[in-house]
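All remarks here apply to the structure that follows.
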There are 2 protein chains.
Amino acid sequence: MTTQGLATDAGLASELRLAVMRLRRRLAGERHPDNELSINQMGVLGVLARRGEMTVGELAAAEKVQPPSMTRTVNCLVETGDVLKRPHESDGRQIVVEISEQGQARVAADRVRRDAWLARRLDELAPEDREVLRRAAALLESLAQKD
Amino acid sequence: MTTQGLATDAGLASELRLAVMRLRRRLAGERHPDNELSINQMGVLGVLARRGEMTVGELAAAEKVQPPSMTRTVNCLVETGDVLKRPHESDGRQIVVEISEQGQARVAADRVRRDAWLARRLDELAPEDREVLRRAAALLESLAQKD
DNA sequence: CTAACTCATTAGCCGTGCTAACTATTCCAC
DNA sequence: GTGGAATAGTTAGCACGGCTAATGAGTTAG
């Protein structure tokens, strides 16, 4: 039974991996032409909008990337004027990143629109399929957080 | 009802998108040190192992990438000796890509091992969660194929 | 026979992950 | 207090893998 279970899971892992890879590729390509921010940058902006100001390290941990990657992303957002960097008040090593008014406006304006493609596809699904995906989203997120 | 459904779906789209992005990043980083092929190259090799010889264009369509991207990936696989390219027998424009013996051996050897990380995590889940993911995998794949 | 189309490729751009090495700061032990 | 370890962020540089535009070769239609 263990063998069967593992064999089945190996197949599931394979399918899940392929599906995730392809869907991500699809989503990354679905950026709106009039939005100059990449899908990753919008992700960071969304985290900041939800959780308030965060240090670069916290952002890196939240997005599961290494600090240098987040430094680069944050710098791009600073250049577009969507976030602000300021020194930490008590720890001179840390940098606090804060979403700007423009950034908040962009998040608000894009919140619905940026998920338009996926939301439209989801709307075409049967309700029970949406329920499956709703539960799966939480599971996928927890998988991404592991180890 | 439509409004409620759409509002809920927008949230689901957002969560699903973030989860897919993060999990994919996680998976891409989990390449086995002793396997010199990237996760994308292994994906193409897997398609060839399942579906037999295919043209570059068919592979590009199957993986939902543009032809130049697939040309590059295939050329990498040619260099590692995992696939062979030969001219199409009746149409001189097309190139047929075929998996080599070494490629088949690699797929066979890696089929279980390459999903080790994900399979291990899946094994830790409750059976009903695995069932959710099993159904979700098919749904995600169909979403990736749309339009 | 020519024009239009198709398939693959080349060239080149961009985003985004990584590691290694460096700077600045903080914390701790003594 | 001071010297060394630890921590935060950055810089530099590499790799991968998408993309578009343009090109070449081959096919097909008129």
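Numbered from 1 within each chain, the chains take letters A, B, ... in sequence-line order. Here the structure is a predicted model, which means the values were calculated and not measured.
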#### Entry: Any B:Thr55 side-chain nitrogen or oxygen under 4.0 Å from OP1 or OP2 of C:dC7
no
### Query
Expressed in angstrom and rounded to an integer, what is the separation of B:Met21 atom CE from C:dG17 atom C1'?
12 Å
### Query
In terms of side-chain geometry, is the basic nitrogen of B:Glu15 or A:Arg134 positioned less than 4.0 Å from the acidic oxygen of its partner?
no
### Query
Between B:Val107 and B:Ala49, which heavy-atom pair has the shortest distance, and what is it?
CG1-CB, 4.1 Å
### Message
Between P on C:dT16 and CE on A:Met42, what's the gap in Å once rounded to a whole number?
### Response
12 Å
#### Entry: B:Leu140 side chain reached by A:Leu140 side chain, heavy atoms, under 4.5 Å
yes
### Query
What are the residues of residues 67-84 of chain B, sorted by number, that bring a heavy atom to within less than 4.0 Å of DNA chain C?
B:Pro67, B:Pro68, B:Thr71, B:Arg72
### Task
Evaluate whether atom CD of A:Glu124 has more than 12 neighbouring non-hydrogen atoms of other residues, nucleotides or ligands under 6.0 angstrom away.
yes
### Separation of C:dT16 C1' from B:Arg22 CZ (nearest whole Å)
16 Å
### Query
Is there side-chain contact between B:Val97 and B:Leu59, with heavy atoms separated by less than 4.5 Å?
yes
### Query
For A:Lys64 and C:dT16, what is the distance between atoms NZ and P respectively, to the nearest whole Å?
19 Å
### Message
Expressed as a whole number of angstroms, how long is the span from A:Arg25:CZ to C:dT16:C1'?
### Response
15 Å
### A:Glu63 and B:Arg22, any side-chain heavy atoms less than 4.5 Å apart
yes
### Message
Quiz question: by atom type and distance under 3.5 Å, do the side chains of B:Asn40 and B:Ser38 form a donor-acceptor pair?
### Response
no
## Note on the structure
Whole-Å distance, A:Arg26 CZ to D:dC19 P, equals 10 Å
### Message
With a 4.5 Å cut-off on side-chain heavy atoms, are B:Leu122 and A:Leu143 touching?
### Response
yes
### Query
Does the pair B:Lys85/B:Glu98 count as a salt bridge with the N-to-O cut at 4.0 Å?
no
### Summary
Out of D:dT10, C:dT16, C:dT9, minimum distance to the side chain of B:Val56 belongs to C:dT9
### Message
Using a strict threshold of under 4.0 Å (side-chain N to carboxylate O), is an ion pair present between B:Glu53 and B:Arg86?
### Response
yes
### Query
With nearest nucleotides of DNA chain C determined for A:Arg24 and B:Ile95 from heavy-atom distances, which residue corresponds to the more 5′ nucleotide?
B:Ile95
### Message
Can you confirm whether A:Glu101 is buried at CD, in the sense that more than 12 heavy atoms of other residues, nucleotides or ligands lie under 6.0 Å from that atom?
### Response
no
### Task
Write down the distance between CD (B:Gln66) and P (C:dT9), rounded to a whole number of angstrom.
15 Å
Write down the protein N/O and nucleotide N/O pairs, taken from nucleotides 1-5 of chain D, whose separation is under 3.5 Å; answer none if there are no such pairs.
none

### Query
Which residues, if any, of residues 85-93 of chain A bring a heavy atom under 4.0 Å of DNA chain C?
A:Ser90, A:Asp91, A:Gly92, A:Arg93
### Query
Between D:dT10 atom P and A:Leu59 atom CG, what is the distance in whole Å?
11 Å
